[in-house]
Amino acid sequence: MEIRILAPTGALGAGFPVESLERGVALRPHVIACDAGSTDSGPYYLGAGQPKLSREAVGRDLRLLLEARDALGVPLIIGSCGTSGRDVGVDLVADIAREIAREEGLGFKLALIYADQDPDYLIKRYDQGRIRPLHPAPPIDVNTLTDSHVVGMMGVEPIQQALRDGAEVVLAGRASDTALFAALPHAMGADPGLTWHAAKTVECGAACAIPPRPDGLFVHLRDDHFDVQTLDPSVRLTPHSVAAHTLYENANPYLITEPSGVLDTSNATYTAVDEWTVRVAGAEYLPGDTYTIKLEGSRLVGYQTIAIGGIRDRVVIEQLPTLLPMAKEYFRAKIRDVFGGRVDPDDIDIDYRLYGRNAVLGVNDPDRDRPVHELGVLITVTAPTQAVAHAVATFVAHASSHLPIPQYEGLASTIAYPFSPPEIDRGPLYEFTLNHVVEPTDPHEMFRTVHEEVKP
């Protein structure tokens, strides 16, 4: 038995060369699958329900994939639609797909799988003790489940059911990246260890290629191994680059947890077939005792205004460790004075991040004590409303540009701003609230599927 899988790119909207897709189509895949989302870019996209990549970029990729699916007559599976996998993301991608179908004269049976979670359902499972933390996880209570926007990360089962019900195009909400590629081979009876390992290998497209790029990979999944190959002859794969991808987004380089169990790659082997192809064998899938669905939650915590500047004065740079704490205390008094007690200084966060001195690694920076001659300064003001954040940022930015330098007499200029005005409203700020799993009664109960016929 051979099952062929086309993974055209690492994320819908990230792009891929048309020539690579054509090579993949010529290899006659049984399924085309593509991820469309992630939490990599932070909690904003889940909290706000906004996509990271533009409608135009998503539409460009989706148009080519729908045309390829139509030519082949095979399923197209896309998961974590709209970046976060929220219901609004599924509806957005579905709207783009319908628009493309009208323009290109395409018809297909469409399944939409929604992953937003009902707070009442989550509270019920919480009260039953069937929501438990992963490590590390913040403490939660019932309020966390009601004031966050929560999605569940589906496994293969809802996708497989949609295919059994006749879907030709599946647009899913938040989903395990690997589930998108494992769903059809798993249903066709392929070895589960090889299936999940192949899915893990191609989940990000050509991210494991040399050099990594927004492009695709192709899998030939057979009884005792799978071959993974690039779709662009100018890039290559090596056993090392393929094996290294098991490290990506995993705490353990050998064990990859899925809703139904764990992929164990401890005994996997990686052998170069040629410059573009690696043969993989030996992984084992260990079914779990309990089926779990990962929960992801995000909630609004405030609004931000920022100012970006720079310092190129050795004397000023040397004084900053003393000046910035003093400035923050001054701003607390200023907030009380300006707002007349209507705004609590404890509700305002004023942060200075000094790029060029420990801004990325902080106290863990091995070069934290090295002398610097130039600093980039990111001032961030976070407040309960955008109006307050902006108002505070105006006097913070102004006062920060004239910090009192003991070595200088008169008014000194400390921070230079490249923009006028320097204050930039960044909008709402969200935070992740959940790193937990729930134990459902069955793999389908947390997800809702809607079928429709899309006509040319």
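Every heavy atom of this structure was used, including side-chain atoms; hydrogens, water molecules and symmetry mates were not.
- Shortest non-hydrogen contact noted between G205 and L217 is O-CD1, 3.0 Å.
- One distance of note links CG of L434 with CG of L46; it measures 9.0 Å at 0.5 Å rounding.
- Under a 4.0 Å N-O distance rule, the pair D227/R222 qualifies as a salt bridge.
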Enumerate, atom names and distances included, each donor-acceptor pair closer than 3.5 Å involving a side-chain atom of residues 72-79, sequence neighbours excluded.
none

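- Counting only heavy atoms from C-beta outward, the side chains of S38 and Y45 never approach each other to under 4.5 Å.
- Rounded to the nearest 0.5 angstrom, D120 CG and I123 CD1 are separated by 5.5 Å.
- Using modelled atom types, no side-chain atom of T277 and backbone atom of D274 make a donor-acceptor pair closer than 3.5 Å.
- With no hydrogens or angles considered, no side-chain donor-acceptor pair links E203 and Y248 at under 3.5 Å.
- Between the side chains of D425 and Y303, no donor-acceptor pair is found at a separation under 3.5 Å.
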Task: Verdict with reasoning, H444 to Q161, per side chain to side chain donor-acceptor pair (under 3.5 Å) - done: CA-CA 9 Å; H444 302 273; Q161 186 61 52; 4.9 Å; no
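- Looking only at distances, a side-chain donor or acceptor of T9 sits under 3.5 Å from a matching main-chain atom of G15.
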Task: Working for salt bridge (charged side-chain N to carboxylate O under 4.0 Å, His left out), residues K124 and D118 - done: CA-CA 10 Å; K124 176 183 176 182; D118 179 1; over 6 Å; no
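- In this structure the side chain of L263 never reaches within 4.5 angstrom of the side chain of E258, judged on heavy atoms.
- Contact between A183 and I159 at its shortest, heavy atoms only, is CB-CG2, 3.7 Å.
- A distance of 5.0 Å separates NZ in K294 from CE in M153, rounded to the nearest 0.5 Å.
- Judged purely by atom type and a 3.5 angstrom limit, H30 uses its side chain to pair as donor or acceptor with the backbone of R4.
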Open item on the list: Please evaluate residues S20 and R213 with respect to the criterion side-chain contact (heavy atoms from CB on, under 4.5 Å), reporting the C-alpha separation (whole Å), side-chain torsions for both, the decisive distance (0.1 Å), and the verdict.
Closed with: CA-CA 12 Å; S20 293; R213 60 175 56 190; over 6 Å; no
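- In this structure, the side chains of P51 and V58 stay at 4.5 Å or more apart for every pair of heavy atoms.
- Using a 4.5 Å heavy-atom cutoff, the side chains of L106 and E67 are in contact.
- Not a single donor-acceptor pair under 3.5 Å links the side chain of D365 to the backbone N or O of L361.
- Looking at S260 and Y285, their side chains do bring a donor and an acceptor atom within 3.5 Å of each other.
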Open item on the list: With side-chain contact (heavy atoms from CB on, under 4.5 Å) as the criterion, how do L295 and V437 come out once you've worked through the C-alpha distance, each side chain's angles and the decisive distance to 0.1 Å?
Closed with: CA-CA 6 Å; L295 298 175; V437 293; over 6 Å; no
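- Two residues are said to be in side-chain contact when any heavy atoms from C-beta on lie closer than 4.5 Å; F447 and P440 fail this criterion.
- Atom NZ of K328 sits in a crowded spot, with more than 12 heavy atoms from other residues, nucleotides or ligands closer than 6.0 Å.
- Open room surrounds OH on Y254; 12 or fewer heavy atoms of other groups in view lie less than 6.0 Å from it.
- Counting all heavy atoms, side chain and backbone alike, L112 lies closest to E452 at CD1-OE1, 4.0 Å.
- Side-chain contact between L247 and P253 is present, with heavy atoms from C-beta onward closer than 4.5 Å.
- A pairwise comparison of heavy atoms in A272 and P239 identifies N-CG, 3.6 Å as the closest pair.
- E104 is not listed as a side-chain neighbour of L66, based on a closest heavy-atom distance of 4.5 Å or more.
- In this structure, the separation between CD on Q160 and NE2 on H186 is 6.0 Å, given to the nearest 0.5 Å.
- Within a 6.0 Å radius of NE2 in H240, no more than 12 heavy atoms belonging to other residues, nucleotides or ligands are found.
- Distance alone, capped at 3.5 Å, places no donor-acceptor pair between the T178 side chain and the W196 backbone.
- The backbone N or O of A115 sits less than 3.5 Å from a side-chain atom of Q117, completing a donor-acceptor pair.
- Residues Y270 and H245 place their aromatic rings such that the two centres sit no closer than 6.0 Å.
- Contact annotation: the side chain of I140 approaches that of I131 to within less than 4.5 Å [non-hydrogen atoms, C-beta and beyond].
- Scanning all heavy atoms of the two residues, the minimum distance from D116 to R86 falls at OD1-CA, 3.3 Å.
- Although no hydrogens or angles enter the test, the distance criterion places no donor-acceptor pair under 3.5 Å between the side chain of Q304 and the main chain of A389.
- Under the 4.0 Å criterion applied to side-chain N and carboxylate O atoms, R23 and D215 are not assigned as salt-bridge partners.
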TODO: Apply side chain to side chain donor-acceptor pair (under 3.5 Å) to Y114 and D91, showing your working.
DONE: CA-CA 9 Å; Y114 294 105; D91 290 338; 2.6 Å; yes
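- A distance of 5.5 Å separates CD of Q229 from CG of L27, quoted to the nearest 0.5 Å.
- Looking at L320, I379, L375, T380 one by one, the single match for side chain to side chain contact (heavy atoms under 4.5 Å, CB included) with Y352 turns out to be I379.
- A donor-acceptor contact closer than 3.5 angstrom links the side chains of T441 and R125.
- Not a single donor-acceptor pair under 3.5 Å links the side chain of D61 to the backbone N or O of L12.
- Between D224 and L194, the closest heavy-atom pair is C-CD1, 3.5 Å.
- Taking CE of M154 as the start and CG of L180 as the end, the distance is 8.5 Å to the nearest 0.5 Å.
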Open item on the list: I'd like to know whether I113 forms a side-chain contact (heavy atoms from CB on, under 4.5 Å) with V90, so could you lay out the CA-CA distance, the side-chain angles of the two residues, the decisive distance to 0.1 Å, and finally the verdict.
Closed with: CA-CA 8 Å; I113 309 178; V90 175; over 6 Å; no
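- Ion pairing of E453 with K455 is absent here, as no side-chain N (NZ or NE/NH1/NH2) approaches a carboxylate O to less than 4.0 Å.
- Applying the side-chain contact (heavy atoms from CB on, under 4.5 Å) criterion to R299, with sequence neighbours excluded, gives T144, D147, S148, V301, E431, T433.
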TODO: Could you check R448 against D87 for salt bridge (charged side-chain N to carboxylate O under 4.0 Å, His left out), going step by step and ending with a plain yes or no?
DONE: CA-CA 10 Å; R448 305 162 307 286; D87 290 0; 2.9 Å; yes
- [ ] Test side-chain contact (heavy atoms from CB on, under 4.5 Å) on E423 and V381 and set out the steps.
- [x] CA-CA 10 Å; E423 301 83 21; V381 177; over 6 Å; no
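- Cation-pi contact between R60 and F16: present, with separation from the ring centre below 6.0 Å and deviation from the ring axis of at most 45°.
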